[in-house]
Amino acid sequence: KTVCVTGASGYIASWLVKLLLERGYAVKASVRDPKDPKKTEHLLKLEGAKERLHLFKANLLEDGSFDAAVEGCDGVFHTASPFYHNVTDPQAELIDPAVKGTLNVLGSCSKASSSIKRVVVTSSMAAVAYNGRPRNPDVVVDETWFSDPDLCKESKAWYVLSKTLAEEAAWKFTKEKAIDMVTINPAMVIGPLLQPTLNTSAEAIANLLNGSQTYSNASFGWVNVKDVANAHIQAFEIPSANGRYCLVERVVHYSEMLEILRKLYPSSHLPQKCADGKPFVPIYHVSKEKVKSLGIDYIPLEQSIKETVESLKEKNFIG
Ligand code: NDP
């Protein structure tokens with residue numbers, strides 16, 4: 001079978017390509033710049049790549065850019081979307097590539113020959129949990145929750161807004177065009193890096209180990225990149241998979257994350273103080289019910305943290 005992965009050089013996508021090749025798929029991988037070795041070398045080295053990996057050049061903001069990459073595929077995994085926080089023009093840097101880019105990819109899918117059975121889109125918990133409803137240890141967030149774009153705009157949460165609007169647009173488009181779509185909605189993704197560059201979610205761990213004095217007063221969900229990649233494939237392969245899937249092994253406050261790091265690496269220099277003096281932002285829960293049907297047995301957070309740190313060390317992103 002042949003599948004397309006958009007944004008193949010990215011953190012999650014690199015794992016997705018690796019697991020797809022391991023499962024025997026032929027992979028049409030889109031990258032922005034196929035000539036940049038930093039974006040492709042690690043993919044070309046994967047087992048099976050010589051025989052079954054084909055690179056395509058495509059940009060989210062160029063209409064029709066993905067036509068060739070999705071043509072003739074049985075499935076499409078759309079992961080490409082910018083994920084970083086230091087933006088000067090949120091519309092141009094985050095929202096347009098996320099929203100117009102998703103519609104661009106889905107547009108190519110709707111034009112492609114009818115071979116495409118399903119499109120799996122990498123959405124995010126950012127498109128689920130940001131709606132002003134209380135979040136505390138008695139609350140279980142699940143797939144019925146949707147983030148509120150107005151609240152995102154008010155709080156200038158531009159990345160969160162980009163993912164919320166992109167998923168909303170994707171559901172509208174796929175309903176109109178009768179495309180079978182499933183979304184995967186992970187929280188912060190960690191675990192080993194295959195690519196040579198540092199991505200935003202792994203950087204959150206690197207920052208804790210790189211001598212910062214304080215830690216954020218925030219509680220986030222975390223999940224291992226291998227579980228996220230596997231969930232994408234399962235969502236494509238299992239015919240009854242449908243709708244959205246939240247992916248969170250555990251929600252912890254940064255203070256708890258640091259406790260885990262302290263136990264694993266007692267001699268490391270970790271921040272001692274919370275960045276503000278306010279009460280800790282509470283944790284909450286995320287339902288694991290629906291994702292069970294994808295056969296995901298989550299890698300525990302402790303192991304995910306350890307794998308991340310080992311990988312960050314090996315790649316010299318931390319001392
Ligand atoms: P990366 O930054 O590693 O990957 C992002 C990918 O998007 C890169 O391949 C990048 O290409 C591509 N991209 C960005 N802009 C464009 C563009 N204009 N045209 C074509 N490609 C573009 O991030 P992740 O692997 O972490 O993220 C992948 C997906 O997962 C995103 O949709 C993100 O929102 C989602 N996600 C990530 C989470 C996380 O914690 N990591 C959590 C939840 C969701 P290039 O390499 O050329 O820059």
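Values below: every heavy atom of this structure, side chains too, minus hydrogens, waters and symmetry copies.
Shortest non-hydrogen contact noted between K28 and A68 is NZ-O, 3.0 Å. Shortest non-hydrogen contact noted between F317 and P196 is CZ-O, 3.2 Å. The two residues S147 and N131 make their nearest non-hydrogen contact at CA-CB, 4.1 Å. Residue V223 comes nearest to V248 through the heavy atom pair CB-CA, 4.3 Å, listed as atom of the first residue, atom of the second, then distance. Smallest separation of non-hydrogen atoms from S9 and H42: O-NE2, 3.7 Å.
Here E71 pairs with S113 under the side chain to side chain donor-acceptor pair (under 3.5 Å) rule; sequence neighbours left out. Remark: K172 pairs with E176 by the salt bridge (charged side-chain N to carboxylate O under 4.0 Å, His left out) rule, at least two apart or across chains. The side-chain contact (heavy atoms from CB on, under 4.5 Å) search around P137 returns P282, I283, not counting sequence neighbours. Every residue two or more places apart in sequence or in another chain that forms a salt bridge (charged side-chain N to carboxylate O under 4.0 Å, His left out) with E22 is listed here: K18. Under the rule for a side chain to side chain donor-acceptor pair (under 3.5 Å), the partners of Q303 that lie at least two apart in sequence or sit in another chain are E307. Remark: E237 engages R23 in a salt bridge (charged side-chain N to carboxylate O under 4.0 Å, His left out) (not counting sequence neighbours). E289 meets the salt bridge (charged side-chain N to carboxylate O under 4.0 Å, His left out) test with K292; sequence neighbours excluded.
At least one donor-acceptor pair closer than 3.5 Å links the side chain of R118 to the backbone N or O of P239. Side chain of S123 to main chain of I184: no donor-acceptor pair is present (N/O by atom type, distance under 3.5 Å, no hydrogens or angles). Using modelled atom types, one side-chain atom of S110 and one backbone atom of G107 make a donor-acceptor pair closer than 3.5 Å. Checking side-chain atoms of E249 against main-chain N and O of Y298 turns up no donor-acceptor pair under 3.5 Å. No donor-acceptor pair closer than 3.5 Å links the side chain of N185 to the backbone N or O of A126. Between the side chain of R244 and the main chain of E143, a donor-acceptor pair closer than 3.5 Å is present. Between the side chain of T308 and the main chain of P192, no donor-acceptor pair closer than 3.5 Å is present. Side-chain atoms of K163 do not come within 3.5 Å of backbone N or O of L161 as any donor-acceptor pair. A donor-acceptor pair is defined here as one N or O able to donate and one able to accept, closer than 3.5 Å; no such pair exists between the side chain of Y245 and the backbone of K290. Put simply, the side chain of K100 never gets that close to the backbone of L60: no donor and acceptor are under 3.5 Å apart.
Residues N217 and F280 form a side-chain contact, since some pair of their non-hydrogen atoms from C-beta on lies under 4.5 Å apart. S293 is not listed as a side-chain neighbour of I238, based on a closest heavy-atom distance of 4.5 Å or more. Residues F66 and C4 fail the side-chain proximity criterion, which asks for heavy atoms closer than 4.5 Å. A heavy-atom distance below 4.5 Å is not found between the side chains of T174 and V119. Looking at heavy atoms from C-beta onward, I12 lies in side-chain contact with V225 at the 4.5 angstrom threshold. Between Y11 and L193 the shortest side-chain heavy-atom distance falls below 4.5 Å. In this structure, T164 and D148 have side chains that are not in contact, with every pair of non-hydrogen atoms separated by 4.5 Å or more.
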### Query
Given the rule in the side-chain contact (heavy atoms from CB on, under 4.5 Å) test, do V228 and W15 qualify, once you have shown the distances and angles that lead to the verdict?
CA-CA 9 Å; V228 176; W15 271 99; over 6 Å; no
### Query
Could you walk me through whether S124 and Y159 pass the side-chain contact (heavy atoms from CB on, under 4.5 Å) check?
CA-CA 10 Å; S124 171; Y159 169 71; 4.3 Å; yes
### Query
Going through the checks in order, is the side-chain contact (heavy atoms from CB on, under 4.5 Å) test met by F236 and L20?
CA-CA 11 Å; F236 171 63; L20 284 165; 6.0 Å; no
### From CA spacing to verdict: side-chain contact (heavy atoms from CB on, under 4.5 Å), L165, I95
CA-CA 8 Å; L165 295 178; I95 296 162; 4.2 Å; yes
Counting only pairs under 3.5 Å, give me each side-chain donor-acceptor contact of residues 256-264, with atom names and distances, residues two or more places apart or in other chains.
unit_1: E256; atom_1: OE2; unit_2: R250; atom_2: NH1; d: 3.3

Got a list of side-chain donor-acceptor pairs under 3.5 Å for residues 72-91, not counting sequence neighbours?
unit_1: D74; atom_1: OD2; unit_2: T2; atom_2: N; d: 2.9
unit_1: H78; atom_1: ND1; unit_2: T6; atom_2: OG1; d: 2.8
unit_1: H78; atom_1: NE2; unit_2: T102; atom_2: OG1; d: 3.3
unit_1: T79; atom_1: OG1; unit_2: T6; atom_2: O; d: 2.7
unit_1: T88; atom_1: OG1; unit_2: E93; atom_2: OE2; d: 2.9
unit_1: D89; atom_1: OD1; unit_2: Q91; atom_2: N; d: 3.4
unit_1: D89; atom_1: OD1; unit_2: A92; atom_2: N; d: 3.2
unit_1: Q91; atom_1: NE2; unit_2: D96; atom_2: OD1; d: 2.9

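Looking at L46, L43, V5 one by one, the single match for side-chain contact (heavy atoms from CB on, under 4.5 Å) with V27 turns out to be V5.
Within the structure, the salt bridge (Lys or Arg N to Asp or Glu O under 4.0 Å) test picks out the following pairs touching residues 42-70 (sequence neighbours left out): D67-K111. The stretch residues 193-216 participates, sequence neighbours left out, in these side chain to side chain donor-acceptor pair (under 3.5 Å) pairs: Q195-N199, N199-S201.
Remark: K177 NZ is loosely packed, at most 12 non-hydrogen atoms of other residues, nucleotides or ligands lying under 6.0 Å away. Within 6.0 Å of atom NZ in K1, 12 or fewer heavy atoms from other residues, nucleotides or ligands are found, so the atom counts as exposed in its surroundings. Around atom NE2 of H269, no more than 12 heavy atoms belonging to other residues, nucleotides or ligands sit under 6.0 Å away.
In the hydrophobic cluster analysis, where Ile, Leu, Val, Met, Phe, Trp and Tyr join through side-chain heavy atoms closer than 4.5 angstrom, I305 is grouped together with I318. A single hydrophobic cluster is not seen to contain both V281 and L151; linkage of ILVMFWY side chains at heavy-atom distances under 4.5 Å, directly or through other members, places them apart. Under the 4.5 Å side-chain heavy-atom criterion for grouping Ile, Leu, Val, Met, Phe, Trp and Tyr, W145 is not connected to V182 through any hydrophobic cluster. Clustering ILVMFWY residues whenever any of their side-chain heavy atoms sit less than 4.5 angstrom apart, transitively, puts V121 in a cluster other than the one holding L61. Under the 4.5 Å side-chain heavy-atom criterion for ILVMFWY residues, no single connected hydrophobic cluster contains both L301 and V141.
N224 and S304 are linked by a side-chain donor-acceptor pair at a separation below 3.5 angstrom, with hydrogens and angles left out of the test.
Counting side-chain heavy-atom gaps under 4.5 Å among Ile, Leu, Val, Met, Phe, Trp and Tyr, V140 is found in no cluster with other residues.
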